[in-house]
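Reading through the structure tokens given below for one structure.
We count ligands from 1, going down the list as the structure has it; atoms in each ligand are counted the same way.
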Amino acid sequence: MTFDFSGLDHDFFMREALKEAKEAGERGDLPVGTVIVHADKIISRGSNRIETADNYILHAEIDAMHKCASFLKKHARECVLYTTVEPCIMCLATIVMANIRHVVFAVKDQYMNMDPFIASNPYIKDRLYHYVGGVLKEESEKLIQTYSPYMYQIVLLGKKPGDAP
Ligand SMILES: Nc1ccnc(=O)[nH]1
């Protein structure tokens with residue numbers, strides 16, 4: 001079977017990532033969720049666990065990738081990672097190192113400001129075959145506003161952590 005990115009129902013898979021984000025928000029973590037899709041099936045789900053795991057590096061994307069690491073070792077190139085917030089610098093580097101080449105996200109991260117980093121880094125840029133933002137953006141924004149008004153100020157409005165109330 002050949003890999004067909006344009007045939008994927010991005011809204012459907014993003015809705016599944018949003019379910020993960022909502023659960024994370026409800027348990028006191030940042031409301032960010034991720035699903036990894038292969039051949040039209042979800043092969044892994046993840047969510048932010050910074051608070052519940054007491055671990056600053058347990059982002060939703062990392063959680064989802066760890067849960068399917070050996071599958072990714074074989075099939076990452078035909079996988080798409082859907083995430084409700086644009087991957088940060090740690091997650092994007094990890095996504096590329098895992099050989100995932102297709103990323104879809106909802107909300108752009110104004111604080112991380114990833115565009116200049118991606119544009120200036122050929123190692124990353126040449127390995128991202130699809131990098132699509134804005135899918136169900138409003139739904140993700142609403143979850144962030146509901147569960148973490150602080151994150152809303154930083155990620156959506158681009159405020160610096162010291163300036164956000
Ligand atoms: N993209 C993300 C931003 C913040 N936290 C996460 O888990 N993921």
Side-chain angles (χ1 to χ4, degrees), residues 10-11 13-37 42-69 72 76 79-119 121 124-125 127-165:
H10 296 320
D11 284 14
F13 293 118
M14 190 58 77
R15 257 181 230 302
E16 294 299 314
L18 286 161
K19 287 182 195 168
E20 293 293 324
K22 186 163 192 287
E23 281 178 27
E26 282 169 354
R27 64 172 187 256
D29 288 304
L30 292 177
V32 186
T34 298
V35 299
I36 300 174
V37 171
I42 294 172
I43 54 122
S44 188
R45 314 177 69 99
S47 55
N48 182 291
R49 297 183 185 276
I50 289 177
E51 295 307 323
T52 52
D54 214 18
N55 182 348
Y56 269 131
I57 62 177
L58 242 183
H59 280 193
E61 297 90 330
I62 302 288
D63 187 37
M65 285 188 280
H66 266 300
K67 285 174 176 162
C68 64
L72 288 177
C79 288
V80 182
L81 183 141
Y82 289 85
T83 190
T84 62
V85 176
E86 183 177 20
C88 74
I89 191 160
M90 165 184 74
C91 290
L92 192 65
T94 307
I95 287 164
V96 168
M97 292 312 291
N99 280 340
I100 293 174
R101 299 286 178 257
H102 312 275
V103 175
V104 180
F105 59 92
V107 163
K108 198 150 186 69
D109 189 335
Q110 301 297 341
Y111 180 55
M112 275 292 150
N113 190 26
M114 290 300 286
D115 287 349
F117 170 75
I118 295 168
N121 191 307
I124 300 281
K125 187 168 54 122
R127 286 167 177 77
L128 284 176
Y129 302 160
H130 292 101
Y131 190 73
V132 178
V135 175
L136 301 187
K137 169 175 167 279
E138 288 80 11
E139 280 86 338
S140 178
E141 282 175 2
K142 267 185 228 148
L143 287 179
I144 296 169
Q145 205 159 25
T146 302
Y147 292 104
S148 181
Y150 179 74
M151 184 184 186
Y152 190 90
Q153 300 269 314
I154 293 167
V155 167
L156 274 298
L157 306 180
K159 291 203 181 162
K160 300 209 171 49
D163 301 338

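With salt bridges taken as basic N to acidic carboxylate O contacts below 4.0 Å, one links Lys19 and Glu16. At a threshold of 4.0 Å, the pair Lys137-Glu141 counts as salt-bridged, since one of the basic side-chain nitrogens sits closer than that to a carboxylate oxygen.
For ligand 1, the atoms sitting less than 4.0 Å from at least one non-hydrogen atom of Glu86 are 1 (N), numbered in the order shown with element in parentheses. Listed by number with element, the atoms of ligand 1 under 4.0 angstrom from any heavy atom of Ala60 are 6 (C), 7 (O).
Of the heavy atoms in Val85, both backbone and side-chain atoms come closer than 4.0 Å to ligand 1.
Closest to atom 8 (N) of ligand 1 among all protein heavy atoms lies Glu61 OE1, 3.0 Å. The shortest contact between atom 5 (N) of ligand 1 and any protein heavy atom is with Asn48 ND2, 3.2 Å.
A donor-acceptor pair under 3.5 Å links the side-chain atoms of Ser44 to the main chain of Ala64, judged by distance alone.
Put simply, the side chain of Glu23 does not reach to within 4.5 Å of the side chain of Asp29, judged on heavy atoms.
Sequence neighbours left out, the pairs with a member in residues 152-165 that pass side-chain hydrogen bond (donor to acceptor under 3.5 Å, both in side chains) are Gln153-Lys159.
Note: no N/O pair closer than 3.5 Å links Leu30 and ligand 1 by distance alone.
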